[in-house]
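Keep in mind the model is a prediction, meaning the values are calculated, not measured. Throughout, a chain's letter reflects where its sequence line sits, starting with A, and its residues are numbered from 1.
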2 protein chains.
Amino acid sequence: MKKSGQVTIKDIAKELNISCSTVSRALKDFPGISPATKKAVIELADKYNYRPNAIALSLRNQKTNIIGVVIPETVHFFFSTVISGIEDAAMKEGYNVMICQSNENYDREGDCIDALMSARVDGVLVCISRETSDLAHLQKVVNDGTPMVFFDRLVEGMNASSVIVDDYQGAYDAVEHLIHQNCKNIVHLSGPENLIIGRKRIEGYSSALEDNNMPIRPEYIVECRNGTQEEAEAAMDKLIASGMPIDGVFASNDMAAIGALMAARKAGIKVPEDMAIIGYSDWQFSRMVEPALSSVSQPGYEIGKEAANLMLQEINQKEKQKSQIKILDTEVIVRASSNRNSA
Amino acid sequence: MKKSGQVTIKDIAKELNISCSTVSRALKDFPGISPATKKAVIELADKYNYRPNAIALSLRNQKTNIIGVVIPETVHFFFSTVISGIEDAAMKEGYNVMICQSNENYDREGDCIDALMSARVDGVLVCISRETSDLAHLQKVVNDGTPMVFFDRLVEGMNASSVIVDDYQGAYDAVEHLIHQNCKNIVHLSGPENLIIGRKRIEGYSSALEDNNMPIRPEYIVECRNGTQEEAEAAMDKLIASGMPIDGVFASNDMAAIGALMAARKAGIKVPEDMAIIGYSDWQFSRMVEPALSSVSQPGYEIGKEAANLMLQEINQKEKQKSQIKILDTEVIVRASSNRNSA
DNA sequence: TAGCGTGTTTCAAACGTTTGCATTTGTTTG
DNA sequence: CAAACAAATGCAAACGTTTGAAACACGCTA
């Protein structure tokens, strides 16, 4: 018996006075091992709770069966849902997942990448941080021949696949919904504009107005970089105070939408009667606020699952395929905050 | 130049016509390497973006610098907050984190443990699933000499430390708060009773009543195993329909509290005037419902941080210390749903 | 010239596993 | 009885890194 640590093939070999090769083959049910030996090995392995050393295997096979994930924050409902999807898809194929959070910080994103590359993960799934515009650290990854897949936030000009939602269409649908609710002056609380995701939503917002013969007013597009409730609330306070006849708000995330809700409440503006509000992401709490918040739902779990599967596919084929973009559909969830029909 | 994959010490050695040992020592700034060699090695390593192979290091050092985490679900606000705390504490000490979610499932918890042990993580942090009562799979971990620390959900009878919140006190404080709000008939929507955590809350609930000379009525303690809104709502529907004069609810989690809120709303019972409600965990959305939900806040980030630090401490000392239990304080956050003073 | 010291470098083993090839055993056949 | 064969097992190298010990080249002294 060993004093500490897990048993190895060596330990078993020594105890049975046979060689490592034999033990290895016995455990994998190779032909050419006598039934007696096989039995003895398996019994001992079982008794000592033998588990193959994944480290040694990784070194020999040049393959860790780990996929790395770089994510802005784990603590957001959407992202943790994505992780859940990744986890399930990976585990199903015998892969483990190593997660690093960048905290939306460029430098830390670099550290995460370094750590994962050092760990020799078989591939990395990344959702770039808000701060990231220089892609050198990511370019190194593909240069080293490590598969990479982006999720949620599209990254262009790089030979890597992406799994995203149709942000343009989601925004378009949300704004059109507001128009159908008879909104005439719709404000867009936008996300950071350096993310393609944010620009797509602005485009969707603009197109929906255009297609419905409504003017696009630049002063109605307000950037909320951090996407916090406070930020959005302050922005709305200002808009309301300015006397603009706002009767609709499309926020680029649910926190911002709640901020708008709070601002409206403070100003005595009735939601949805005087102002219809819709958010983005359909966070868990969205249905619980009063009035329940309409939102554009993004299929977080599916994004994670699709991204992981795309990754596994790339890992398993030797030749690098052309990178692809997988676009998942969003869905407008109409709740009380924008529903004037039943009001 | 290599065709693919990351460069190794060998590649550098070959290109400079020196031995691996020299390269290794040059990179670590060992004495006894000529300045010229040192310079050449470092330059080449830099040029090729050399990163030490953590796998090889792990194998040699018998140490992976990875800590494993087994968590019921990543997609809950509380748990993702814990993960965030673990991540930060680990990263600060140069450790990576490998996360497996058990989905509150016993078998899958076993698979997670197996995967992590196979990966030879230096220690595991675990929050056992609701289903877990047999501890054999965890016992194997400590038998193998791998440090283990439990968090959030206490596990007794095992030589491992735990980081938990003072659930007894949290429940006690919550119930006493309701009593101070003049509640006379307080219901407890309890969690699953096989978790110590659930029992502690029942004890806290009971003690608070006792200490205030109020009767403990078994029919006022209703188990909500799954902790979902629907389950709690149904339970409350039944209690309300039975005609019991309930004027206070202490729920063992915020979802259940929301369920109670919904049931009250349906029944035309005013909150907090006719019924004061307080939840547990202080989820992010708790402050956003209407009326804003009172709750017992648990320091998720601190739990993660403390657990990780305890783990790192255990990893770094050769001799196994006596295991300890670290208890973090909860805090009653009073909001509209239980505040009758300003109402 | 042998001996010594110093500064620089290489050798070899180890970590745990797999696997092509070689070797050992035991049995059968010509 | 020797040769041929099959069955069972062992050897050794490889994956990338570190590190104690050994080796080398040099100049200096006795």
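- Across D:dC11, C:dT17, C:dC11, the shortest atom-to-atom separation from the side chain of A:S21 is found for D:dC11.
- Distance from the side chain of A:I33 is smallest to D:dT9 among D:dG16, D:dT9, C:dT10.
- Taking all atoms of both residues into account, the shortest heavy-atom contact from B:V165 to B:I327 is C-CG2, 4.0 Å.
- Across all strands, A:I55 comes closer than 4.0 Å to no nucleic acid atom at all (heavy-atom distances).
- The nearest heavy atom of DNA chain C to A:L59 and to B:N17 marks one nucleotide each, and the one closer to the 5' end goes with B:N17.
- Taking the nucleotide of DNA chain C with the nearest heavy atom to each of A:L27 and B:S19, the more 5' of the two is matched to B:S19.
- Among the nucleotides C:dT9, C:dT19, D:dT18, the one closest to any side-chain atom of B:T37 is C:dT9.
- Across the protein-nucleic acid pair, A:D11 atom CG and C:dC15 atom C1' stand 12 Å apart, rounded to whole Å.
- Closest to the A:A56 side chain, of the nucleotides C:dG16, D:dG16, D:dT19, is C:dG16.
- If you check the side chains of A:R51 and A:Q6, you find no donor sitting under 3.5 Å from an acceptor.
- When the nucleotides C:dC15, C:dT10, D:dA13 are ranked by their closest atom to the side chain of A:R60, D:dA13 comes out on top.
- Side-chain to base pairing of A:R25 with C:dG20: one donor and one acceptor N or O lie within less than 3.5 Å of each other.
- Side-chain polar atoms of B:Q101 and A:S84 form a donor-acceptor pair below 3.5 angstrom.
- For A:I9, whose side chain is taken as the heavy atoms from C-beta onward, the closest listed nucleotide among C:dT8, D:dA8, C:dT17 is C:dT17.
- Residue A:T22 places its side chain closer to D:dT9 than to any other of D:dT19, D:dT9, C:dT17.
- Judged purely by distance below 3.5 Å, without hydrogens or angles, the side chains of B:D11 and B:T8 pair a donor atom with an acceptor atom.
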